[in-house]
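A short worksheet on the structure shown next.
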Protein chains: 2
Amino acid sequence: MKSEKISEFTTGRLSIYLRCLNQLAQEGTETISSQGLADRFNLNSAQIRKDLAYFGEFGVRGVGYDTEGLRQHLTEILGLNRRHRVGIIGAGNLGLALANYKNWEASSFNVVALFDNDRARIGKTSLTQGHAGNNPHGVKIYDVREFPTLARELELEMVALAVPRDTAQAALDMVIAAGIKAVLNFAPAQLEAPDDVKVKTVDLTISLESLSYFLAQPQSEGESDKS
Amino acid sequence: MKSEKISEFTTGRLSIYLRCLNQLAQEGTETISSQGLADRFNLNSAQIRKDLAYFGEFGVRGVGYDTEGLRQHLTEILGLNRRHRVGIIGAGNLGLALANYKNWEASSFNVVALFDNDRARIGKTSLTQGHAGNNPHGVKIYDVREFPTLARELELEMVALAVPRDTAQAALDMVIAAGIKAVLNFAPAQLEAPDDVKVKTVDLTISLESLSYFLAQPQSEGESDKS
DNA sequence: CAATGTGAAACGATTCACAGCT
DNA sequence: AGCTGTGAATCGTTTCACATTG
(Lines give C-alpha, C1' and ligand atoms only; values in the text may rest on other atoms or scores of the structure.)
Protein backbone atom coordinates (compact mmCIF):
# COMPACT_ATOMS: atom_id res chain seq x y z
CA MET A 1 0.00 0.00 0.00
CA LYS A 2 1.47 3.31 -1.14
CA SER A 3 -0.16 6.67 -1.02
CA GLU A 4 0.81 7.85 -4.48
CA LYS A 5 -1.72 9.56 -6.70
CA ILE A 6 -3.97 7.08 -8.44
CA SER A 7 -4.39 7.55 -12.17
CA GLU A 8 -7.70 7.42 -13.96
CA PHE A 9 -6.39 4.44 -15.92
CA THR A 10 -6.21 2.57 -12.66
CA THR A 11 -9.63 3.59 -11.33
CA GLY A 12 -11.22 2.73 -14.65
CA ARG A 13 -9.78 -0.75 -14.40
CA LEU A 14 -10.97 -1.07 -10.80
CA SER A 15 -14.51 -0.60 -12.15
CA ILE A 16 -13.91 -3.37 -14.63
CA TYR A 17 -12.52 -5.70 -11.98
CA LEU A 18 -15.50 -4.98 -9.76
CA ARG A 19 -17.97 -5.74 -12.53
CA CYS A 20 -16.25 -9.06 -13.07
CA LEU A 21 -16.14 -9.88 -9.36
CA ASN A 22 -19.85 -9.22 -9.06
CA GLN A 23 -20.44 -11.85 -11.72
CA LEU A 24 -17.99 -14.28 -10.13
CA ALA A 25 -19.58 -13.81 -6.71
CA GLN A 26 -22.97 -14.59 -8.20
CA GLU A 27 -21.63 -17.70 -9.90
CA GLY A 28 -20.28 -18.79 -6.53
CA THR A 29 -16.57 -18.69 -7.44
CA GLU A 30 -14.80 -18.30 -4.11
CA THR A 31 -11.32 -17.40 -5.24
CA ILE A 32 -9.73 -15.78 -8.28
CA SER A 33 -6.10 -15.22 -9.25
CA SER A 34 -4.77 -12.12 -10.97
CA GLN A 35 -4.10 -14.34 -13.98
CA GLY A 36 -7.68 -15.57 -13.88
CA LEU A 37 -8.94 -12.01 -13.97
CA ALA A 38 -6.43 -10.97 -16.61
CA ASP A 39 -7.68 -13.68 -18.96
CA ARG A 40 -11.21 -12.26 -18.99
CA PHE A 41 -10.18 -8.95 -20.48
CA ASN A 42 -6.93 -8.83 -22.37
CA LEU A 43 -4.86 -7.50 -19.50
CA ASN A 44 -1.54 -8.29 -17.92
CA SER A 45 -1.77 -9.96 -14.54
CA ALA A 46 0.98 -7.76 -13.08
CA GLN A 47 -1.14 -4.75 -13.96
CA ILE A 48 -4.00 -6.07 -11.92
CA ARG A 49 -1.79 -6.84 -8.95
CA LYS A 50 -0.24 -3.36 -9.13
CA ASP A 51 -3.64 -1.69 -9.37
CA LEU A 52 -4.85 -3.52 -6.28
CA ALA A 53 -1.61 -3.06 -4.39
CA TYR A 54 -2.13 0.71 -4.35
CA PHE A 55 -4.93 0.14 -1.88
CA GLY A 56 -3.79 -2.74 0.27
CA GLU A 57 -2.67 -6.34 0.33
CA PHE A 58 -5.86 -8.13 -0.57
CA GLY A 59 -4.46 -11.38 -1.90
CA VAL A 60 -3.11 -14.57 -0.43
CA ARG A 61 0.15 -15.83 -1.92
CA GLY A 62 -0.17 -19.19 -3.56
CA VAL A 63 -3.95 -18.84 -3.61
CA GLY A 64 -5.26 -15.62 -5.11
CA TYR A 65 -7.96 -13.20 -4.08
CA ASP A 66 -11.12 -13.95 -2.15
CA THR A 67 -13.92 -13.05 -4.54
CA GLU A 68 -16.35 -11.67 -2.02
CA GLY A 69 -13.67 -9.93 0.02
CA LEU A 70 -12.13 -8.18 -2.95
CA ARG A 71 -15.57 -7.25 -4.22
CA GLN A 72 -16.30 -5.47 -0.97
CA HIS A 73 -12.93 -3.76 -0.90
CA LEU A 74 -13.37 -2.40 -4.43
CA THR A 75 -16.92 -1.28 -3.71
CA GLU A 76 -15.61 0.68 -0.75
CA ILE A 77 -12.62 2.12 -2.62
CA LEU A 78 -14.81 3.37 -5.45
CA GLY A 79 -17.27 4.88 -3.00
CA LEU A 80 -20.09 2.63 -4.17
CA ASN A 81 -21.14 1.46 -0.73
CA ARG A 82 -23.66 4.28 -0.56
CA ARG A 83 -26.04 5.70 -3.16
CA HIS A 84 -25.26 8.93 -4.99
CA ARG A 85 -28.00 11.35 -5.90
CA VAL A 86 -27.76 12.57 -9.48
CA GLY A 87 -29.45 15.48 -11.23
CA ILE A 88 -29.68 15.79 -14.99
CA ILE A 89 -29.60 19.18 -16.68
CA GLY A 90 -31.35 19.12 -20.04
CA ALA A 91 -34.53 17.12 -20.62
CA GLY A 92 -34.04 16.54 -24.33
CA ASN A 93 -33.71 13.12 -25.90
CA LEU A 94 -30.46 12.32 -24.17
CA GLY A 95 -31.46 13.65 -20.76
CA LEU A 96 -34.69 11.67 -20.82
CA ALA A 97 -32.96 8.53 -22.04
CA LEU A 98 -30.53 8.83 -19.14
CA ALA A 99 -33.33 9.41 -16.64
CA ASN A 100 -35.26 6.38 -17.89
CA TYR A 101 -32.20 4.17 -18.16
CA LYS A 102 -33.18 0.96 -16.43
CA ASN A 103 -29.78 0.03 -15.00
CA TRP A 104 -29.87 2.83 -12.44
CA GLU A 105 -31.80 0.72 -9.98
CA ALA A 106 -29.09 -1.91 -9.86
CA SER A 107 -26.33 0.68 -9.54
CA SER A 108 -25.44 2.95 -6.67
CA PHE A 109 -26.69 6.03 -8.50
CA ASN A 110 -30.17 7.52 -8.25
CA VAL A 111 -31.50 10.05 -10.72
CA VAL A 112 -33.64 12.31 -8.57
CA ALA A 113 -34.35 15.33 -10.76
CA LEU A 114 -34.31 16.68 -14.31
CA PHE A 115 -33.88 20.38 -15.13
CA ASP A 116 -34.77 22.28 -18.29
CA ASN A 117 -35.47 25.82 -19.44
CA ASP A 118 -38.23 24.84 -21.88
CA ARG A 119 -41.69 25.79 -20.55
CA ALA A 120 -43.24 22.89 -22.45
CA ARG A 121 -41.17 20.37 -20.54
CA ILE A 122 -41.14 21.81 -17.03
CA GLY A 123 -43.56 20.13 -14.63
CA LYS A 124 -43.81 16.92 -16.60
CA THR A 125 -41.87 13.79 -15.78
CA SER A 126 -39.41 11.67 -17.74
CA LEU A 127 -42.29 9.26 -18.32
CA THR A 128 -44.83 11.71 -19.73
CA GLN A 129 -42.22 13.33 -21.92
CA GLY A 130 -40.07 10.49 -23.06
CA HIS A 131 -40.57 6.91 -24.06
CA ALA A 132 -41.73 5.08 -20.95
CA GLY A 133 -38.70 2.89 -20.39
CA ASN A 134 -38.46 0.90 -17.21
CA ASN A 135 -38.49 3.64 -14.64
CA PRO A 136 -41.63 2.93 -12.62
CA HIS A 137 -42.14 6.42 -11.26
CA GLY A 138 -40.60 8.88 -13.66
CA VAL A 139 -38.33 11.73 -12.69
CA LYS A 140 -39.81 15.20 -12.36
CA ILE A 141 -38.63 17.98 -14.68
CA TYR A 142 -37.94 21.27 -12.86
CA ASP A 143 -37.25 24.76 -14.09
CA VAL A 144 -33.49 25.05 -14.36
CA ARG A 145 -33.71 28.35 -12.43
CA GLU A 146 -34.68 26.29 -9.41
CA PHE A 147 -31.46 24.31 -9.62
CA PRO A 148 -29.46 26.26 -7.01
CA THR A 149 -32.20 25.76 -4.41
CA LEU A 150 -33.12 22.21 -5.31
CA ALA A 151 -29.54 21.00 -5.57
CA ARG A 152 -29.26 21.64 -1.85
CA GLU A 153 -32.74 20.42 -0.91
CA LEU A 154 -32.43 17.19 -2.88
CA GLU A 155 -28.83 16.78 -1.73
CA LEU A 156 -27.48 16.29 -5.23
CA GLU A 157 -23.90 15.09 -5.39
CA MET A 158 -23.48 14.66 -9.11
CA VAL A 159 -24.85 16.25 -12.23
CA ALA A 160 -25.11 14.98 -15.77
CA LEU A 161 -24.97 17.78 -18.32
CA ALA A 162 -27.14 16.97 -21.33
CA VAL A 163 -27.48 20.42 -22.85
CA PRO A 164 -26.43 21.85 -26.23
CA ARG A 165 -22.82 22.77 -26.70
CA ASP A 166 -23.19 26.53 -26.54
CA THR A 167 -24.96 26.51 -23.17
CA ALA A 168 -22.77 23.87 -21.57
CA GLN A 169 -20.20 26.14 -19.95
CA ALA A 170 -22.88 28.41 -18.45
CA ALA A 171 -24.74 25.39 -17.11
CA LEU A 172 -21.54 24.01 -15.66
CA ASP A 173 -20.76 27.33 -13.97
CA MET A 174 -24.18 27.28 -12.33
CA VAL A 175 -23.68 23.70 -11.19
CA ILE A 176 -20.29 24.51 -9.71
CA ALA A 177 -21.68 27.60 -7.97
CA ALA A 178 -24.21 25.29 -6.29
CA GLY A 179 -21.34 23.32 -4.79
CA ILE A 180 -21.50 20.20 -6.96
CA LYS A 181 -18.08 18.56 -7.24
CA ALA A 182 -18.67 15.83 -9.85
CA VAL A 183 -20.09 16.34 -13.33
CA LEU A 184 -20.60 14.03 -16.26
CA ASN A 185 -20.63 16.19 -19.39
CA PHE A 186 -22.20 15.00 -22.65
CA ALA A 187 -21.79 18.27 -24.55
CA PRO A 188 -19.06 18.09 -27.19
CA ALA A 189 -16.95 20.84 -25.61
CA GLN A 190 -13.84 21.22 -23.46
CA LEU A 191 -15.22 22.83 -20.33
CA GLU A 192 -13.37 24.88 -17.73
CA ALA A 193 -13.68 23.99 -14.06
CA PRO A 194 -11.63 24.55 -10.90
CA ASP A 195 -9.40 21.74 -9.69
CA ASP A 196 -11.66 20.67 -6.86
CA VAL A 197 -14.43 19.84 -9.35
CA LYS A 198 -14.17 16.72 -11.47
CA VAL A 199 -15.66 17.03 -14.94
CA LYS A 200 -15.73 13.85 -16.97
CA THR A 201 -16.64 14.46 -20.59
CA VAL A 202 -18.26 11.80 -22.76
CA ASP A 203 -17.76 13.14 -26.26
CA LEU A 204 -19.60 11.10 -28.87
CA THR A 205 -18.26 13.22 -31.69
CA ILE A 206 -14.70 12.31 -30.81
CA SER A 207 -15.59 8.62 -30.54
CA LEU A 208 -17.30 8.63 -33.91
CA GLU A 209 -14.50 10.53 -35.56
CA SER A 210 -11.96 8.11 -34.20
CA LEU A 211 -13.96 5.31 -35.84
CA SER A 212 -14.07 7.32 -39.04
CA TYR A 213 -10.29 7.73 -38.91
CA PHE A 214 -9.92 3.98 -38.52
CA LEU A 215 -12.11 3.34 -41.55
CA ALA A 216 -10.10 5.86 -43.56
CA GLN A 217 -6.84 4.01 -42.94
CA PRO A 218 -5.64 2.07 -46.02
CA GLN A 219 -4.56 -1.19 -44.37
CA SER A 220 -7.10 -1.27 -41.56
CA GLU A 221 -4.79 -2.78 -39.00
CA GLY A 222 -6.04 -1.80 -35.59
CA GLU A 223 -6.62 -2.82 -32.03
CA SER A 224 -10.06 -3.65 -30.81
CA ASP A 225 -11.60 -2.24 -27.68
CA LYS A 226 -9.06 -1.09 -25.02
CA SER A 227 -12.27 0.68 -24.04
CA MET B 1 5.76 13.47 -41.87
CA LYS B 2 6.53 10.05 -40.42
CA SER B 3 4.61 6.88 -40.97
CA GLU B 4 4.56 5.67 -37.39
CA LYS B 5 1.40 4.30 -35.88
CA ILE B 6 -0.89 7.04 -34.71
CA SER B 7 -2.23 6.71 -31.20
CA GLU B 8 -5.83 7.26 -30.24
CA PHE B 9 -4.71 10.11 -28.02
CA THR B 10 -3.53 11.87 -31.13
CA THR B 11 -6.63 11.21 -33.24
CA GLY B 12 -8.84 12.32 -30.39
CA ARG B 13 -6.99 15.62 -30.27
CA LEU B 14 -7.26 15.99 -34.04
CA SER B 15 -11.05 15.96 -33.56
CA ILE B 16 -10.73 18.69 -30.99
CA TYR B 17 -8.50 20.80 -33.23
CA LEU B 18 -10.94 20.37 -36.09
CA ARG B 19 -13.87 21.45 -33.97
CA CYS B 20 -11.94 24.57 -33.04
CA LEU B 21 -10.89 25.28 -36.61
CA ASN B 22 -14.48 25.04 -37.77
CA GLN B 23 -15.35 27.78 -35.33
CA LEU B 24 -12.35 29.89 -36.29
CA ALA B 25 -13.14 29.52 -39.99
CA GLN B 26 -16.67 30.70 -39.34
CA GLU B 27 -15.40 33.68 -37.38
CA GLY B 28 -13.19 34.53 -40.33
CA THR B 29 -9.84 34.03 -38.60
CA GLU B 30 -7.39 33.37 -41.43
CA THR B 31 -4.40 32.11 -39.50
CA ILE B 32 -3.76 30.41 -36.17
CA SER B 33 -0.54 29.45 -34.38
CA SER B 34 -0.02 26.27 -32.37
CA GLN B 35 0.18 28.48 -29.30
CA GLY B 36 -3.12 30.12 -30.25
CA LEU B 37 -4.77 26.70 -30.45
CA ALA B 38 -3.08 25.47 -27.29
CA ASP B 39 -4.53 28.37 -25.31
CA ARG B 40 -8.12 27.34 -26.12
CA PHE B 41 -7.85 23.97 -24.43
CA ASN B 42 -5.15 23.52 -21.81
CA LEU B 43 -2.65 21.92 -24.12
CA ASN B 44 1.00 22.28 -24.86
CA SER B 45 1.79 23.90 -28.22
CA ALA B 46 4.50 21.36 -28.99
CA GLN B 47 1.92 18.63 -28.61
CA ILE B 48 -0.22 20.21 -31.29
CA ARG B 49 2.71 20.66 -33.66
CA LYS B 50 3.75 17.02 -33.11
CA ASP B 51 0.22 15.75 -33.69
CA LEU B 52 -0.02 17.63 -36.96
CA ALA B 53 3.51 16.75 -38.06
CA TYR B 54 2.57 13.06 -38.21
CA PHE B 55 0.51 13.87 -41.29
CA GLY B 56 2.45 16.55 -43.10
CA GLU B 57 3.97 20.00 -42.88
CA PHE B 58 0.88 22.14 -42.75
CA GLY B 59 2.30 25.24 -41.11
CA VAL B 60 4.31 28.20 -42.25
CA ARG B 61 7.28 29.12 -40.05
CA GLY B 62 6.98 32.54 -38.58
CA VAL B 63 3.28 32.64 -39.38
CA GLY B 64 1.30 29.63 -38.19
CA TYR B 65 -1.38 27.51 -39.83
CA ASP B 66 -3.88 28.58 -42.46
CA THR B 67 -7.24 28.05 -40.79
CA GLU B 68 -9.16 26.91 -43.82
CA GLY B 69 -6.30 24.83 -45.18
CA LEU B 70 -5.72 22.98 -41.92
CA ARG B 71 -9.44 22.49 -41.50
CA GLN B 72 -9.60 20.74 -44.84
CA HIS B 73 -6.53 18.64 -44.11
CA LEU B 74 -7.93 17.42 -40.79
CA THR B 75 -11.32 16.72 -42.34
CA GLU B 76 -9.59 14.56 -44.92
CA ILE B 77 -7.31 12.81 -42.40
CA LEU B 78 -10.24 11.89 -40.17
CA GLY B 79 -12.21 10.63 -43.15
CA LEU B 80 -14.94 13.21 -42.65
CA ASN B 81 -15.02 14.43 -46.23
CA ARG B 82 -17.76 11.94 -47.02
CA ARG B 83 -20.82 10.87 -45.07
CA HIS B 84 -20.87 7.60 -43.13
CA ARG B 85 -24.02 5.54 -42.90
CA VAL B 86 -24.75 4.38 -39.38
CA GLY B 87 -27.14 1.71 -38.09
CA ILE B 88 -28.25 1.49 -34.49
CA ILE B 89 -28.97 -1.85 -32.86
CA GLY B 90 -31.43 -1.53 -30.00
CA ALA B 91 -34.41 0.84 -30.15
CA GLY B 92 -34.71 1.39 -26.41
CA ASN B 93 -34.34 4.78 -24.77
CA LEU B 94 -30.71 5.17 -25.69
CA GLY B 95 -31.05 3.92 -29.27
CA LEU B 96 -33.95 6.27 -29.91
CA ALA B 97 -32.19 9.20 -28.30
CA LEU B 98 -29.22 8.57 -30.57
CA ALA B 99 -31.42 8.30 -33.65
CA ASN B 100 -33.21 11.54 -32.84
CA TYR B 101 -30.05 13.38 -31.85
CA LYS B 102 -30.21 16.66 -33.71
CA ASN B 103 -26.51 17.16 -34.32
CA TRP B 104 -26.33 14.34 -36.86
CA GLU B 105 -27.40 16.62 -39.67
CA ALA B 106 -24.44 18.91 -39.18
CA SER B 107 -22.00 16.01 -38.88
CA SER B 108 -20.73 13.60 -41.47
CA PHE B 109 -22.71 10.71 -40.01
CA ASN B 110 -26.21 9.63 -41.07
CA VAL B 111 -28.35 7.33 -38.99
CA VAL B 112 -30.20 5.30 -41.62
CA ALA B 113 -31.75 2.42 -39.66
CA LEU B 114 -32.68 1.13 -36.23
CA PHE B 115 -32.90 -2.57 -35.38
CA ASP B 116 -34.70 -4.31 -32.54
CA ASN B 117 -36.06 -7.72 -31.63
CA ASP B 118 -39.17 -6.39 -29.89
CA ARG B 119 -42.32 -6.96 -31.97
CA ALA B 120 -43.92 -3.87 -30.46
CA ARG B 121 -41.18 -1.63 -31.81
CA ILE B 122 -40.52 -3.11 -35.24
CA GLY B 123 -42.10 -1.19 -38.09
CA LYS B 124 -42.42 2.06 -36.19
CA THR B 125 -39.99 4.93 -36.51
CA SER B 126 -37.83 6.76 -34.02
CA LEU B 127 -40.46 9.50 -34.08
CA THR B 128 -43.51 7.39 -33.32
CA GLN B 129 -41.67 5.52 -30.61
CA GLY B 130 -39.50 8.10 -28.99
CA HIS B 131 -39.79 11.71 -28.08
CA ALA B 132 -40.00 13.63 -31.34
CA GLY B 133 -36.68 15.46 -31.15
CA ASN B 134 -35.49 17.38 -34.15
CA ASN B 135 -35.27 14.62 -36.70
CA PRO B 136 -37.74 15.66 -39.38
CA HIS B 137 -38.31 12.21 -40.88
CA GLY B 138 -37.69 9.63 -38.24
CA VAL B 139 -35.61 6.50 -38.67
CA LYS B 140 -37.36 3.22 -39.36
CA ILE B 141 -37.11 0.36 -36.89
CA TYR B 142 -36.41 -3.02 -38.53
CA ASP B 143 -36.42 -6.54 -37.22
CA VAL B 144 -32.89 -7.28 -36.10
CA ARG B 145 -33.04 -10.53 -38.07
CA GLU B 146 -33.03 -8.43 -41.21
CA PHE B 147 -29.75 -6.84 -40.23
CA PRO B 148 -27.44 -9.04 -42.33
CA THR B 149 -29.42 -8.27 -45.49
CA LEU B 150 -30.11 -4.62 -44.78
CA ALA B 151 -26.56 -3.84 -43.69
CA ARG B 152 -25.52 -4.60 -47.25
CA GLU B 153 -28.51 -2.98 -48.96
CA LEU B 154 -28.27 0.21 -46.93
CA GLU B 155 -24.49 0.19 -47.21
CA LEU B 156 -23.94 0.57 -43.48
CA GLU B 157 -20.38 1.35 -42.49
CA MET B 158 -20.77 1.80 -38.77
CA VAL B 159 -23.02 0.42 -36.07
CA ALA B 160 -23.92 1.78 -32.67
CA LEU B 161 -24.71 -0.99 -30.19
CA ALA B 162 -27.40 0.12 -27.75
CA VAL B 163 -28.48 -3.24 -26.39
CA PRO B 164 -28.41 -4.74 -22.88
CA ARG B 165 -25.11 -6.08 -21.61
CA ASP B 166 -25.90 -9.77 -21.90
CA THR B 167 -26.83 -9.58 -25.58
CA ALA B 168 -24.03 -7.23 -26.59
CA GLN B 169 -21.44 -9.82 -27.62
CA ALA B 170 -23.95 -11.79 -29.70
CA ALA B 171 -25.09 -8.60 -31.41
CA LEU B 172 -21.49 -7.62 -32.08
CA ASP B 173 -20.76 -11.03 -33.57
CA MET B 174 -23.67 -10.60 -35.96
CA VAL B 175 -22.51 -7.12 -36.90
CA ILE B 176 -18.99 -8.35 -37.58
CA ALA B 177 -20.28 -11.27 -39.63
CA ALA B 178 -22.07 -8.72 -41.82
CA GLY B 179 -18.73 -7.11 -42.60
CA ILE B 180 -19.01 -3.97 -40.47
CA LYS B 181 -15.58 -2.74 -39.39
CA ALA B 182 -16.43 0.07 -36.96
CA VAL B 183 -18.66 -0.22 -33.90
CA LEU B 184 -19.58 2.19 -31.13
CA ASN B 185 -20.58 0.10 -28.12
CA PHE B 186 -22.70 1.50 -25.29
CA ALA B 187 -23.12 -1.75 -23.41
CA PRO B 188 -21.05 -1.86 -20.21
CA ALA B 189 -18.98 -4.85 -21.30
CA GLN B 190 -15.52 -5.62 -22.69
CA LEU B 191 -16.33 -7.12 -26.06
CA GLU B 192 -14.18 -9.40 -28.19
CA ALA B 193 -13.54 -8.55 -31.81
CA PRO B 194 -10.91 -9.40 -34.42
CA ASP B 195 -8.13 -6.89 -35.05
CA ASP B 196 -9.55 -5.60 -38.30
CA VAL B 197 -12.69 -4.42 -36.51
CA LYS B 198 -12.57 -1.32 -34.36
CA VAL B 199 -14.84 -1.38 -31.32
CA LYS B 200 -15.00 1.81 -29.33
CA THR B 201 -16.78 1.38 -26.01
CA VAL B 202 -18.53 4.24 -24.25
CA ASP B 203 -19.01 2.89 -20.75
CA LEU B 204 -21.14 5.16 -18.60
CA THR B 205 -20.74 2.94 -15.59
CA ILE B 206 -16.99 3.41 -15.61
CA SER B 207 -17.37 7.18 -16.01
CA LEU B 208 -19.81 7.40 -13.14
CA GLU B 209 -17.71 5.20 -10.91
CA SER B 210 -14.66 7.30 -11.62
CA LEU B 211 -16.64 10.33 -10.42
CA SER B 212 -17.73 8.37 -7.37
CA TYR B 213 -14.10 7.53 -6.62
CA PHE B 214 -13.22 11.20 -6.87
CA LEU B 215 -15.96 12.11 -4.40
CA ALA B 216 -14.79 9.41 -2.03
CA GLN B 217 -11.28 10.89 -1.85
CA PRO B 218 -10.65 12.68 1.46
CA GLN B 219 -8.83 15.78 0.19
CA SER B 220 -10.60 16.15 -3.15
CA GLU B 221 -7.59 17.32 -5.12
CA GLY B 222 -8.11 16.46 -8.75
CA GLU B 223 -7.74 17.49 -12.34
CA SER B 224 -10.66 18.75 -14.35
CA ASP B 225 -11.58 17.51 -17.78
CA LYS B 226 -8.66 15.94 -19.73
CA SER B 227 -11.55 14.74 -21.90
C1' DC C 1 4.64 -24.84 -5.38
C1' DA C 2 1.55 -21.54 -6.99
C1' DA C 3 0.45 -16.91 -6.92
C1' DT C 4 1.19 -12.37 -4.66
C1' DG C 5 3.67 -7.94 -4.21
C1' DT C 6 7.18 -5.13 -6.13
C1' DG C 7 11.75 -3.22 -7.77
C1' DA C 8 13.71 -2.66 -12.31
C1' DA C 9 13.30 -2.49 -17.34
C1' DA C 10 10.71 -1.28 -21.27
C1' DC C 11 7.59 1.32 -23.51
C1' DG C 12 4.87 5.29 -24.79
C1' DA C 13 3.30 9.96 -24.40
C1' DT C 14 4.29 14.70 -23.26
C1' DT C 15 7.20 18.62 -22.75
C1' DC C 16 11.43 21.15 -23.45
C1' DA C 17 14.44 23.61 -26.13
C1' DC C 18 16.38 24.99 -30.20
C1' DA C 19 17.81 24.71 -35.15
C1' DG C 20 15.85 26.14 -39.36
C1' DC C 21 12.69 28.60 -42.27
C1' DT C 22 9.94 32.62 -44.07
C1' DA D 1 11.22 38.30 -35.38
C1' DG D 2 8.26 34.71 -34.91
C1' DC D 3 6.67 30.27 -35.32
C1' DT D 4 7.23 25.65 -37.14
C1' DG D 5 9.18 20.99 -36.95
C1' DT D 6 11.82 17.87 -34.27
C1' DG D 7 15.65 15.51 -31.47
C1' DA D 8 16.47 14.99 -26.65
C1' DA D 9 14.82 14.92 -21.97
C1' DT D 10 11.18 13.96 -18.95
C1' DC D 11 7.35 11.93 -17.16
C1' DG D 12 3.95 8.32 -16.55
C1' DT D 13 2.20 3.62 -17.52
C1' DT D 14 2.83 -1.14 -18.48
C1' DT D 15 5.37 -5.32 -18.43
C1' DC D 16 9.01 -8.30 -16.81
C1' DA D 17 11.08 -11.06 -13.55
C1' DC D 18 11.81 -12.66 -9.15
C1' DA D 19 12.12 -12.78 -4.14
C1' DT D 20 8.64 -13.73 -0.81
C1' DT D 21 5.08 -16.11 1.40
C1' DG D 22 1.05 -19.13 2.81
Side-chain angles (χ1 to χ4, degrees), chain A residues 1-17 21 24 29-67 69-70 73-74 77 190 210 222-223 225-227, chain B residues 1-17 21 24 29-67 69-70 73-74 77 190 210 222-223 225-227:
Chain A
M1 164 103 93
K2 320 263 186 65
S3 45
E4 303 171 35
K5 225 187 66 195
I6 307 302
S7 93
E8 201 148 321
F9 291 101
T10 296
T11 61
R13 283 190 301 263
L14 294 184
S15 283
I16 294 174
Y17 306 156
L21 288 164
L24 288 170
T29 310
E30 303 257 311
T31 269
I32 184 84
S33 68
S34 60
Q35 189 57 57
L37 277 171
D39 291 344
R40 315 220 158 204
F41 347 98
N42 316 359
L43 278 180
N44 182 291
S45 67
Q47 174 116 89
I48 295 176
R49 295 197 299 277
K50 270 244 156 89
D51 286 341
L52 297 176
Y54 285 123
F55 300 96
E57 306 209 350
F58 303 132
V60 179
R61 287 162 200 244
V63 179
Y65 300 89
D66 176 61
T67 308
L70 187 54
H73 276 300
L74 290 182
I77 289 164
Q190 305 333 101
S210 118
E223 303 287 297
D225 237 342
K226 308 272 166 186
S227 182
Chain B
M1 163 106 91
K2 319 264 187 66
S3 44
E4 304 171 35
K5 227 188 65 197
I6 307 302
S7 94
E8 201 147 320
F9 291 99
T10 296
T11 61
R13 283 190 301 262
L14 294 183
S15 284
I16 294 174
Y17 305 155
L21 287 164
L24 288 171
T29 311
E30 303 256 312
T31 270
I32 184 85
S33 68
S34 58
Q35 189 58 58
L37 277 171
D39 292 343
R40 315 219 158 204
F41 346 98
N42 315 357
L43 278 180
N44 182 291
S45 68
Q47 173 113 86
I48 295 177
R49 295 197 298 276
K50 270 243 157 89
D51 286 341
L52 298 176
Y54 284 124
F55 299 96
E57 305 209 351
F58 302 133
V60 180
R61 286 160 200 246
V63 179
Y65 300 89
D66 176 60
T67 308
L70 187 55
H73 276 300
L74 290 182
I77 289 164
Q190 304 335 100
S210 119
E223 303 288 296
D225 239 339
K226 307 270 167 187
S227 172

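Order of the sequence lines sets the chain letters (A, B, ...), proteins ahead of strands, with each chain counted from 1. Side chains included, hydrogens not; waters and symmetry mates left out as well; all remaining heavy atoms used.
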Item to check | B:Ile6 CD1 - C:dA13 P separation (whole Å) | outcome: 10 Å
Item to check | Below 4.0 Å: OP1/OP2 of D:dG2 and any side-chain N or O of B:Tyr65 | outcome: no
Next on the checklist: With a 4.0 Å cutoff (strictly under), does any side-chain N or O of B:Ser33 reach OP1 or OP2 of D:dC3?
Outcome noted: no
Checklist entry - Can A:Gln47 and A:Asp51 be counted as having a side-chain donor-acceptor contact under 3.5 angstrom? => result no
Checklist entry - Going through the checks in order, is the side chain to side chain contact (heavy atoms under 4.5 Å, CB included) test met by A:Tyr65 and A:Leu24? => result CA-CA 12 Å; A:Tyr65 300 89; A:Leu24 288 170; over 6 Å; no
Checklist outcome for this item: In terms of heavy-atom contacts, A:Thr11 and A:Glu8 come closest through OG1-O, 3.2 Å
Item to check | Min side-chain heavy-atom separation B:Leu43-B:Leu37 under 4.5 Å | outcome: no
Checklist entry - What are the two closest heavy atoms between B:Leu14 and B:Ile77, and how far apart are they? => result CD1-CG2, 4.1 Å
Item to check | Flag side-chain contact, heavy atom, 4.5 Å: A:Phe55 against A:Ile6 | outcome: yes
Next on the checklist: Without decimals, in angstroms, what is the distance between B:Leu52 CG and D:dT4 P?
Outcome noted: 9 Å
Checklist entry - CG of B:Asn44 versus P of D:dG12: gap in Å, rounded? => result 14 Å
Checklist entry - To the nearest 0.5 Å, how far apart are CZ in B:Arg13 and CG in B:Leu52? => result 10.0 Å
Expected rows: protein N/O vs nucleotides 19-22 of chain D N/O, under 3.5 Å:
residue : atom : partner : partner atom : Å
D:dT20  : O2   : A:Arg61 : NH1          : 2.8

Item to check | Non-hydrogen atoms of A:Ala38 and A:Asn44 that approach each other most closely | outcome: CB-C, 4.1 Å
Checklist entry - In whole Å, what is the span from the CZ atom of B:Phe55 to the P atom of D:dG5? => result 14 Å
Tabulate protein N/O versus nucleotide N/O from nucleotides 8-10 of chain D, keeping only pairs under 3.5 Å, one per line.
residue : atom : partner : partner atom : Å
D:dA8   : N6   : B:Lys50 : NZ           : 3.3

Item to check | Per B:Phe9 side chain, nearest of listed nucleotides D:dT6, C:dA13, C:dT6 | outcome: C:dA13
Item to check | Any A:Ser34 side-chain nitrogen or oxygen under 4.0 Å from OP1 or OP2 of C:dA3 | outcome: no
Checklist entry - What integer distance in Å separates B:Leu37:CG from D:dT4:P? => result 9 Å
Next on the checklist: Judged by each residue's nearest nucleotide on DNA chain D, which is more toward the 5′ side, A:Asp51 or B:Phe58?
Outcome noted: B:Phe58
Checklist entry - Rounded to the nearest Å, what distance is computed from the CD atom of residue B:Gln35 to the P atom of nucleotide C:dT15? => result 12 Å
Next on the checklist: Minimum heavy-atom separation for A:Thr67 and A:Thr29, please, with both atom names.
Outcome noted: OG1-O, 2.7 Å
Item to check | A:Arg13 CZ - D:dG12 P separation (whole Å) | outcome: 16 Å
Checklist entry - CD1/B:Ile48 to OH/B:Tyr17 distance, rounded to the nearest 0.5 angstrom? => result 4.5 Å
Item to check | A:Arg49 side chain near D:dT15 phosphate (N/O to OP1/OP2, under 4.0 Å) | outcome: no
Next on the checklist: What contact category does B:Ser7 fall into here, base, sugar-phosphate, or nothing, at under 4.0 angstrom with non-hydrogen atoms?
Outcome noted: sugar-phosphate
Checklist entry - Can you check the A:Leu70 CG to C:dA3 C1' distance for me, whole Å? => result 14 Å
